[in-house]
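Some notes on the structure that comes next.
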Amino acid sequence: MSETNVTAPSDFIRDIIREDLRTNKYGGRVHTRFPPEPNGYLHIGHAKSICLNFGIAEEFGGLCNLRFDDTNPTKEEVEYVESIKEDVRWLGFDWGDRLFYASDYFEQLYEYAIQLIKKGKAYVCDLSPEEIREYRGTLTVPGRESPYRNRSVEENLDLFQRMRAGEFPEGSRTLRAKIDMAHPNVLMRDPVMYRIIHAEHHRTGNKWCIYPMYDFTHCLSDSIEGITHSICTLEFENNRALYDWFLDELGVYHPQQIEFARLNLSYTVLSKRILLQLVNRGYVSGWDDPRMPTISGLRRRGYTPEAIRNFCDLIGVAKANSVVDIELLEHCIRQDLNKRAPRVFGVLRPLKVIIDNYPEDLVEEMECINNPEDPSAGTRRVPFSRVLYIEKDDFREDPPKKWFRLAPGREVRLRYAYYVTCVDVIKNERGEVVELHCTYDPATRGGWAPDGRKVQGTLHWVSAAHALDAEVRLYDRLFLKPNPLDVEEGQDFTANLNPNSLEVLTGCRVEPSLAGAVPGSRYQFERQGYFCVDPDSTADRLVFNLTATLRDTWAKIEQAQQ
RNA sequence: UGGGGCGUCGCCAAGCGGUAAGGCAGCGGCCUUUGGAGCCGCGAUUCGCAGGUUCGAAUCCUGCCGCCCCAGCCA
């Protein structure tokens, strides 16, 4: 594992917890939870929350539960719960025996609802959804009370029991909290606690046809589990009043809700709704498409859990809405892979090179360092012979200023091999360079010139006769604009989709040591970037995904020249 | 024109009355058999703005400005 930031994270939430510990507010306990709704795959924004909740539990010797907030059967699926469990585990967190579902509490929640009805704090309302909206008023004008608001406790009890029994059609009635229709916080204007949905739930099947709403469910689930700090994102700040209201009215154990700003990433969309559309409309190959900001996408892309966790530590936790530069994420994976990824030669766009003065049948095994950052990684031998492939981009017939690479008459080093000089350029009928002829200096074996002469460029290469064929998938950001949602009137995020976010290269040539490389393994293709073996890869068809390019100063120089 | 929040370098973010951490990006330089990595150096006289309190304010007070969230039987 690569080194991460050395200082323990500190932020306003941890400050609150330290203070609560000092004052013994919860008897010295710290108990958090990560409460996803299983209606989509987890993304990097969830990783921030996971690292926060599980991280805090670890740091303070507490516990963190994994709880599925599964109160809406129309949107939730087991596929999502399975993927979520896998992703949390992959990130390196452990919920022990504390895997919970809000649906586990349906019976208990029902009893709590009965209690509120008996207390005169909840009532069955027959208003339609449209009417409820009308009665709610607006942000500036108070709402009106429902005509059903003052039903007797007995009638409410009877109706609510019959709602549960399935006597009423979907949407015909709700159970509402009786709070204040003139409350300045719209959420407090008699919020719906239960609605009728005749749908099968992925865990409770057809046992229920009334389902509790988020506000009623979440606070009580936290209470039931003995959560101390219920950490959620900023958009729930308004809900805190309701969170507190239910708990106070019921007189039960009362955790505290704390809100922080969710993660936003430049050139990235982290809305589950839009992510779902990208998948459903086929803009990407699936939730784990390597261009997706999902945990499974990042995993397939070659990101490591360590890099993601380090990223989450670096971005911090605060209450100000912000947009983190995607380059910070890229920095994190480069930093991690630089330390751990074995180096290898891979030629993406092969250009044939013939070493005219190299013996026809000779094959030499060149010793190459596996990882200059990690001596323990050792060395390997890579075959060298008369016919090689180098990168097309490493040759220019008409080299610009500051060009260090190969060009007619130029001498460069073939890494760990020899100095070679370009003596001839062969073109096809279209005038494209298809082959280079070079001569080598036998005295420079290993890449050093005994006479001390220097070359500016060092190229990677592969022996034509020994190289393996491979497919390489080059990825770029999915969106062209820092804010993908910044579109003209009438357009949507698809207007900002990057048409070149995926480029598939076939006929790539990689060194023979890559034979049998297993899916998921990560390498640095020297001078190019980090790549990982895709699950599509097979014994006779290697497939690599670009995780991140190396930083490219030549590209910057060239750009500056234009 | 209701309520709840937030405003410190291009992007994140420390700071909690004693005189602006750190990271990313950027820009120089060194080093280099990856134009990689590494190393060194450069950046806020200033903390949304305006007043006030104070010996002293990013930190306290007042007023203003800007941005975000809330009118789902979603979470």
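Below, all heavy atoms of this structure are taken into account, side chains as well, without hydrogens, waters or symmetry copies.
Under 4.0 angstrom from either OP1 or OP2 of B/rA13 there lies at least one side-chain N or O belonging to A/S322. Taking only side-chain nitrogens and oxygens, A/K272 never comes nearer than 4.0 Å to OP1 or OP2 of B/rC74. Phosphate proximity of B/rC73 to A/R136: present, with a side-chain N or O under 4.0 Å from OP1 or OP2.
Within 4.0 Å (heavy atoms only), A/R176 reaches no atom of the nucleic acid at all. Using a 4.0 Å heavy-atom criterion, one finds that A/R413 contacts the bases of the nucleic acid, with or without backbone contacts as well. Residue contacts for A/D15: at a heavy-atom cut-off of 4.0 Å it reaches a base atom on one of the strands shown. Nucleic acid contact for A/T71: sugar-phosphate only, since backbone atoms but no base atoms lie under 4.0 Å from a heavy atom of the residue.
Rounded to whole Å, the C1' atom of B/rU45 lies 36 Å from the corresponding atom of B/rC69. Using C1' as the reference atom, B/rG63 and B/rC55 are 26 Å apart when rounded to the nearest Å.
Of the listed nucleotides (B/rC70, B/rA25, B/rC73), B/rA25 has the atom at the smallest distance from the side chain of A/R551. The nucleotide whose nearest atom lies closest to any side-chain atom of A/M213 is, among B/rA75, B/rU34, B/rG7, B/rA75. The side chain of A/N321 sits closest to B/rC68 out of B/rG3, B/rC68, B/rC12. When the nucleotides B/rA14, B/rA25, B/rC70 are ranked by their closest atom to the side chain of A/H331, B/rA25 comes out on top.
With A/Y110 as reference, A/F160 is the one residue of A/Y211, A/F216, A/F160, A/Y105 to meet the ring pair (Phe, Tyr, Trp, His ring centres under 6.0 Å) rule.
Nucleotide B/rG38 forms a pair with B/rC30, judged by Watson-Crick or G-U wobble geometry with both contacts under 3.5 Å.
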